[in-house]
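One structure is given below, encoded as structure tokens.
Each residue takes its place number in the sequence, starting with 1. When a ligand or atom number is given, it counts from 1 through the structure's own listing order.
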Amino acid sequence: MSQHDDAKQALNARTATELAPPTVEPYQGPGAGRGALWSSLKELRTHTGVLNGAKLLARVNQEGGFDCPGCAWPDPQGHRSAFEFCENGVKAVAAEGTRRRIGPGFFKEHSLQSLSERSDHWLELQGRLTRPMYKPEGASHYQPISWGDAFKAISERLKGLSDPNQAIFYTSGRTSNEAAFLYQLFARRLGTNNLPDCSNMCHESSGRGLLETIGTGKGTVQLTDFEQAECILVIGQNPGTNHPRMLTSLEAAAKRGCQIISINPLRERGLERFAHPQSPLALLGRSTTISTHYLQVKINGDVALLKGMMKALLDLEEERGGVIDWAFIHEHTTGFEAFKEDLDQHDWPTLVERSGIAEEQVREVAEVYARSRASIACWAMGLTQHVNGVDNIQEVVNLLLLKGNIGRPGAGACPVRGHSNVQGDRTVGIIERPSEPFCQALEARFGFSVPREHGYDVAHAIEAMARGDAELFFGMGGNFVSATPDTDLTAEALQRCAMTVHVSTKLNRSHLITGREALILPCLGRTERDTRGTGEQFVTVEDSMSVVHRSQGRKSPASESLISEVAIVCGLADALWGSEELNWSGYAEDYALIRAEIEACVPGFEGYEARSERGFVLLNGARERSWRVEGARARFTIHPVPHHPLEEGQLMMMTVRSHDQYNTTIYGWDDRYRGIYGARRVVMMCPEDMSARGLIEGSEVELTSYFEGERRSISGFKVVPQSIPVGCVATYFPEANPLVPIGLRAKKSNTPASKSIVVTVEAV
Ligand SMILES: Nc1nc2c(c(=O)[nH]1)N[C@H]1C(S)=C(S)[C@@H](COP(=O)(O)OP(=O)(O)OC[C@H]3O[C@@H](n4cnc5c(=O)[nH]c(N)nc54)[C@H](O)[C@@H]3O)O[C@H]1N2
Ligand SMILES: Nc1nc2c(c(=O)[nH]1)N[C@H]1C(S)=C(S)[C@@H](COP(=O)(O)OP(=O)(O)OC[C@H]3O[C@@H](n4cnc5c(=O)[nH]c(N)nc54)[C@H](O)[C@@H]3O)O[C@H]1N2
Ligand SMILES: [Mo]
């Protein structure tokens with residue numbers, strides 16, 4: 001078998017459990033509720049023990065405690081309850097705090113080949129990585145290596161590069177501000193801007209879309225705005241699974257009569273009803289209706305729908321006036337006339353056909369939005385991961401601008417971020433296109449010349465490796481091979497590297513699909529004590545609403561050999577450059593020194609050390625109605641309505657998360673709210689599309705994707721019925737990633753369009 005075939009087999013690895021047919025039992029309960037409580041207890045019992053788990057959870061998202069490694073939803077400032085976590089936060093904490101360890105004998109016993117045949121869930125269940133491991137060229141097994149030798153091996157590789165751009169430094173979004181700042185400093189000192197990050201696959205479209213229109217790439221709301229909004233739109237987001245603490249805010253809003261409009265192809269349970277798992281009433285089965293309106297839009301039908309809403313809004317203005325905020329439009333925006341002219345060109349039949357939503361329904365939600373004096377629009381991957389991802393965001397901005405819903409209480413744009421520090425990593429310099437002021441700040445502070453040439457983002461990094469233009473891939477967290485599109489191509493690309501290195505807490509597939517040489521560098525997690533020269537250290541993170549605050553773990557580390565991400569970067573820099581002009585060894589012993597450097601280089605961090613104790617908000621121009629766009633006004637923008645002419649038998653597929661996973665980390669086989677149990681290689685279809693193909697629940701099918709004459713296929717999938725529009729299907733990420741074409745990417749943001757893939761589903 002060739003290395004390529006090995007990789008293919010590895011990527012399709014499934015265990016017997018996974019091959020068992022799925023069971024489908026429609027879920028009757030609300031989002032969260034009793035089910036969430038049971039599921040949390042089960043998770044704790046398996047991993048940490050209930051008592052230890054409870055101790056750990058008492059520190060989640062508390063002042064003096066650690067930031068939940070789950071999602072980036074903010075914590076209430078000043079009035080936190082004793083339990084600022086959710087079921088899926090419990091899973092993330094339990095996964096890190098697990099008692100299970102990958103001991104010294106593990107890699108001796110298991111070859112890379114045998115590990116490759118295991119499922120992602122099995123890999124995750126092996127527990128925490130405990131010591132650095134090295135795979136020499138040609139070897140079949142990883143073997144132990146000392147930290148010193150590991151750093152030496154990597155620095156030798158880096159010294160041997162003919163061009164620093166042959167190295168790629170990927171970041172996942174759990175990395176702290178301190179580690180991320182040093183990591184980008186390391187890459188730029190080496191001479192490259194090759195700093196792709198998970199954000200390239202995530203909210204890049206939001207950043208781009210917002211920056212061009214309102215002059216900031218971040219959201220404009222604070223948690224307190226949710227207490228004042230009269231209407232909240234939740235578009236392309238599944239908070240019941242991915243941001244469960246957001247449901248607490250939505251529940252409170254719903255209870256005081258706020259209108260909640262959900263726009264989603266699937267009927268997501270958490271968006272329908274919610275029962276707070278920590279409320280005694282929830283145990284009695286009481287729950288709150290969340291969405292007052294639910295539009296099951298077609299996949300990528302959002303531009304058509306939003307345009308319809310805005311047309312209806314302008315009609316209402318004509319009918320009765322008082323709907324559009326003219327004062328705001330005149331004082332704060334440009335482009336309204338052209339925008340309106342374009343809107344007039346779109347006819348209802350086309351908008352209805354492309355969105356899948358009837359005109360009356362669109363007019364009904366437009367009326368709700370028209371009446372609301374303060375509205376928030378929230379969104380996540382359902383809007384960003386399309387070829388027109390940036391357009392989607394900008395249409396949301398148009399909708400907000402029409403009623404002046406940016407920069408006043410209870411209103412604004414709310415891109416809900418994924419990883420707990422993905423936003424902070426960007427703030428401190430993890431980006432392949434650094435701004436000129438940032439480059440100059442680094443130069444003034446550190447005295448080396450910072451490269452200006454743009455580096456690779458994720459998609460460009462894959463293409464560069466596939467061409468043989470990269471020698472070293474370094475992953476600061478994450479699971480590159482499974483998270484990225486076009487899995488087979490990415491696997492081949494990584495295998496062309498001379499060396500792949502992963503800083504990780506848990507074993508994952510990226511450790512098994514390697515360059516000729518490979519290293520696994522195990523690191524401390526969020527929950528663990530980090531003791532350095534000047535004593536116990538803390539780190540800082542930034543949440544989805546631009547609040548920067550500290551995070552400090554207190555748990556004993558999973559192994560004595562573990563060091564922090566900060567210490568890893570510093571150790572490597574020391575091995576490469578020795579004690580030259582930068583104070584790497586100093587940073588490693590005292591993280592306050594790193595915060596001082598961030599304060600010197602990044603605006604908004606004045607008084608960082610003292611202010612991080614209680615947390616502080618980073619300034620955001622748009623929130624203050626100061627538009628940092630050319631002309632100093634927010635911009636209305638015009639975009640075409642996406643059209644997907646499908647051929648006979650073709651369907652539009654989105655890849656989504658189940659309730660039992662954190663991105664590529666698979667906690668279990670169930671997706672409770674969607675009523676799917678015991679399997680992940682499933683395709684969710686509506687009954688009409690099933691019967692048109694002669695398929696029944698459990699039928700085995702092959703999926704093929706189509707893109708510019710290219711075809712990609714995966715097999716061993718089972719059909720499960722689900723409430724989803726005709727012509728649309730859903731599969732789980734990462735199992736379906738081999739179908740995502742590398743060339744299918746969003747304009748401007750270059751984000752893989754993993755929510756709009758043209759496929760066929762055929763019985764085998
Ligand atoms: N427990 C848990 N929490 C997580 C994660 C996790 O894996 N597990 N991942 C974290 C990360 S990194 C991120 S980015 C976030 C992701 O959070 P989400 O964006 O909520 O995650 P997805 O499952 O990708 O879901 C996208 C939602 O968009 C809908 N959707 C898909 N296509 C369209 C479309 O064309 N239009 C509309 N209107 N809707 C669409 C889907 O039906 C689904 O409900 O969650 C974060 N939090
Ligand atoms: N088809 C499809 N593809 C997608 C998506 C999709 O919706 N559909 N979503 C995309 C999105 S939004 C994102 S954000 C990416 C996610 O891509 P990544 O961020 O690359 O993937 P994760 O699965 O979050 O990474 C998990 C690994 O991180 C390591 N880890 C966990 N905690 C820590 C830590 O504290 N430090 C270190 N160093 N390592 C740690 C563990 O070893 C774990 O195995 O995937 C993207 N890919
Ligand atoms: Mo993400």
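- Counting heavy atoms under 4.0 Å from ligand 2, residue Asn737 touches it through the side chain alone.
- The Asn508 neighbourhood of ligand 2 comprises atoms 27 (C), 42 (O), 43 (C), 44 (O), with distances under 4.0 Å to a heavy atom of that residue.
- Each of the atoms 36 (N), 37 (C), 38 (N) of ligand 2 lies under 4.0 Å from some heavy atom of Cys523.
- Not counting sequence neighbours, the partners of Asp486 by the side-chain contact (heavy atoms from CB on, under 4.5 Å) test are Leu489, Arg712, Ile742.
- With respect to Lys555 and Glu96, no salt bridge is recorded, no charged nitrogen being found less than 4.0 Å from a carboxylate O.
- The ligand atoms of ligand 2 that sit less than 4.0 angstrom from a heavy atom of Glu565 are 34 (C), 36 (N), 37 (C), 38 (N).
- A salt bridge does not link Glu542 to Arg417: none of the charged side-chain nitrogens sits closer than 4.0 Å to a carboxylate oxygen.
- Within the structure, salt bridge (charged side-chain N to carboxylate O under 4.0 Å, His left out) contacts touching residues 389-398 (residues at least two apart or in different chains) are Lys307-Glu395, Asp391-Lys747.
- Of all atoms in ligand 2, numbered sequentially from 1 with element shown, those under 4.0 Å from a heavy atom of Gly477 are 37 (C), 38 (N), 39 (N).
- Taking the six-membered ring for Trp, Phe480 and Phe473 have ring centres closer than 6.0 Å.
- In this structure, Glu528 pairs ionically with Arg128, as a charged nitrogen and a carboxylate oxygen lie closer than 4.0 Å.
- Under the rule for a side-chain contact (heavy atoms from CB on, under 4.5 Å), the partners of Val740 that lie at least two apart in sequence or sit in another chain are Pro485, Ser754, Ile757.
- Listed by atom number, the atoms of ligand 2 under 4.0 Å from Val503 heavy atoms are 37 (C), 38 (N), 39 (N).
- In the vicinity of Tyr170, heavy-atom distances shorter than 4.0 Å reach the ligand 2 atoms 17 (O), 18 (P), 19 (O), 20 (O).
- Counting heavy atoms closer than 4.0 Å to ligand 2, residue Thr505 contributes atoms from both its backbone and its side chain.
- Ser658 and Arg680 share a side-chain donor-acceptor pair at under 3.5 Å.
- Side-chain contact check for Phe169 versus Glu432: every heavy-atom pair is 4.5 Å or farther apart.
- Ile261 places none of its side-chain heavy atoms less than 4.5 Å from the side chain of Ile232.
- No N or O atom of Arg526 sits closer than 3.5 Å to an N or O atom of ligand 2.
- Residue-level contacts of ligand 1 at the 4.0 Å heavy-atom threshold are Cys71, Asn88, Cys202, Ile235, Gly236, Gln237, Asn238, Thr241, Asn242, His243, Ile263, Asn264, Pro265, Leu266, Glu268, Val297, Ile299, Asn300, Asp302, Ala380, Met381, Gly382, His386, Gly418, His419, Met654, Val656, Arg657, Gln661, Tyr662, Asn663, Lys755.
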